[in-house]
Novice: 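The following block contains the structure, expressed as structure tokens.
Residue numbers start from 1 in every chain, and the chains themselves are labelled A, B, ... in the order their sequence lines are given, proteins ahead of strands. If you're wondering where the values come from, they're calculated on a predicted model, not measured in any experiment.
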Amino acid sequence: MRKPRVSTWGGVAGAVVVAAILAFVLLPGFVVMIAAFNARAILSFPPESWSWRWFAKALAYDDFRAGFRNGLIVTGWASTIALLVGAAFAFVLDRYAFPLKRTIEGVLLAPLVIPHFTIGLGFLILAAELGATRGFAVVVACHVVLVLPFVLRSVYISLRSLDQRLELAAASLGAPPGRVLTTVTIPLLAPGLVSGWLFAAILSFNEFTASLFVTAQRTQTLPVAMYNYVREYADPSMAALSVMYIVATAIILIIANLFLGLGKVLNVEESR
Amino acid sequence: MKNRAETSGIEQKSAPPAGGQGFVRLEGVSKRFGDVVALHEATLDVRRGEILTLLGPSGGGKTTLLNLVAGFLLPDSGAIHIAGQPVTEVPPYRREIGVLFQNYALFPHMSVAANVAYGLRMRRLPRPEIARKVAETLALVRLVGLENRTPRQLSGGQQQRVALARALAISPKVLLLDEPFSALDKNLRGSMQLELKEIQRKLGVTTIFVTHDQSEALSLSDRIVVLSEGRIRQVGTPGEIYRRPTERFVASFVGDVNVLRARLEEVDGEAAQIAIGAAKLAVPAGTLRGCAPGAPVELFIRPEQLRLAETGDETACEGVVSAHSYQGGHVDLHLASEAAVSGRILMRWPGTEAIARWPVGTRIAVACAGTEAVAFPASPS
């Protein structure tokens, strides 16, 4: 289809508006990045002198180190469990018709509409009843519930775009159902599975609201550790940590993009 | 019920089971999806080594029948046998069938060689043997040199060859083809059809071929099964289906046909005398059972069986030329005529002279050139 022509002035005005919107979106990140290099121990903008020292301090701070480690533990378990459960449910929802299908689908997607603090509070009350407020189990369980809808959707969309005739072809060539799954279905779903896991991992690692309720001192994740830090201090090590967050996430997404294509990672294009 | 009784009676006449049983045998197989009857009590014998075509409009039941033979669907009732073994309950991966899908269904994450080797790997053959068979099969479909490409890097015709090689590599008992040529352009389609037929003859593999394209069916098949609304309408060689259709549906679905108003004169054993205008014509009596002499009938006659009436000919009907359509080798002459049920008659003329000799508006008299025609009781409309 031919693109409609825009007059020169319209084009310029459009470019300005787009640039303004982009700047607005990127502004907070930009301010924080600048603030991280402030040599003085205040969160001010713009800085008067420059330094790397807040990066060193952030990396050396015990609570951040523990929070990072705890975050990895929680994220690893939560997104892996969510992937297995979500993929299984997505498969069943895609392939089988059964009573209450819509209801089950609704329940699995419900965390999208229930506020995170409600889920966190709920898990806190449950954990208190069971006397399990100090362990990782409750944090992991809470995160599984939070990220499950995203994994489920990601895998479900991949399954929808999978041509089932490929599986029939494999069966006609002598592959029993188990081998169809391992040689055709799973390899073709891999981008959807990986992107689902990655999405879940990023969400879980950054989750704050519910984590604030369900973590204890021993299990606090990085966002919670940062919150606790900022309540007491206001130096730029927080900003330095934010910069590292942004860089790490960007690197992960770039790698994922190299292997899968960002369209597939974000599930905005058909995964074939 | 009446319909079915007729169908099976005709089937026995035109297609006696060779040696008692077919290589693929369906006995009273039915399949319904909810309230829709996809296939109704189909009984069919496919002979060893033949190309049997399932022909019919979409929704006629031909793809359902194919999926039942493949084992992708389970019948609601009836039994299916392949090579003398009952397979009704056998899952597809133990049926040893090769399927060529309409969209080819090549594995996009595997190379050409890996696609062809897939069925052999599933049979856990030793590596050297797999390599030998893959090379052999790729040579058969003339695809040597493309082993390491992925399906996406191939043209439509090449993809189809890979799909065919993949299905043939496992030396299937039966080859199932589901509208394999519909995605190819016209020129390629013709050459692929020829090639497929050559390969099929070379290997002698029993083949069931699904199509809605009647010319494809006529040119490719040893025998044709015409299906509509989930029922088998007629089974026969392409010649039998084209020249001696036993049902109104078959006569109008396969090939071009003129339907002319006529009258039954008398029935004499297997032959019936039909009067159309001043002309008389003998047709098979089988399709006119229950008609009394003098009853109105509809004569189904092919365009090439009609010609211009010359002096001394008995005129069958008259018509006014309404359009010419040039077809390259011949001209289609369209006549408006009262005698035709649709009000139109189609005639064929070799060369281009018809356009100049009978311009639009000319009134011409039509005679029957041959005796190949069938008649059915006039439809009560």
Novice: May I ask you to test the A:L168-B:P92 pair for a side-chain heavy-atom distance under 4.5 Å?
Specialist: no

Novice: I need the residue from B:I170, B:I97, B:L106, B:N103 with the largest number of non-hydrogen atom pairs under 4.5 Å to chain A.
Specialist: B:N103

Novice: Relative to chain A, which of B:Q102, B:M122, B:R94, B:E96 shows the most heavy atom pairs under 4.5 Å?
Specialist: B:M122

Novice: Rounded to the nearest 0.5 Å, what separates atom OG1 in A:T183 from atom NE2 in B:H109?
Specialist: 6.5 Å

Novice: Where do A:L166 and B:A105 come nearest, in terms of heavy atoms and distance?
Specialist: CD2-O, 3.3 Å

Novice: Can you tell me if CZ on A:F136 sees more than 12 non-hydrogen neighbours from other groups inside 6.0 Å?
Specialist: yes

Novice: Could you tell me whether A:F89 atom CZ has more than 12 heavy atoms of other residues or ligands within 6.0 Å of it?
Specialist: no

Novice: Checking B:L100 against chain A: side chain, backbone, both or neither under 4.5 Å from a heavy atom?
Specialist: neither

Novice: Could you tell me the separation between the CZ atom of A:R179 and the OH atom of B:Y118, rounded to the nearest 0.5 Å?
Specialist: 7.0 Å

Novice: At a 4.5 Å cut-off on heavy atoms, which part of B:F107 comes close to chain A: side chain, backbone, both, or neither?
Specialist: both

Novice: Counting only heavy atoms from other residues, nucleotides and ligands, does the tally under 6.0 Å from CZ of A:F98 exceed 12?
Specialist: yes

Novice: Is the number of heavy atoms from other residues, nucleotides or ligands under 6.0 Å of B:R132 CZ greater than 12?
Specialist: yes

Novice: Is B:R123 reaching over with its side chain to a backbone N or O of A:L173, donor-acceptor style, under 3.5 angstrom?
Specialist: yes

Novice: Tell me the closest heavy-atom pair linking A:A175 and B:Y93, and the distance in Å.
Specialist: O-CB, 3.4 Å

Novice: Find the one option among B:R121, B:M110, B:R166 whose heavy-atom pairs under 4.5 Å with chain A are most numerous.
Specialist: B:R166

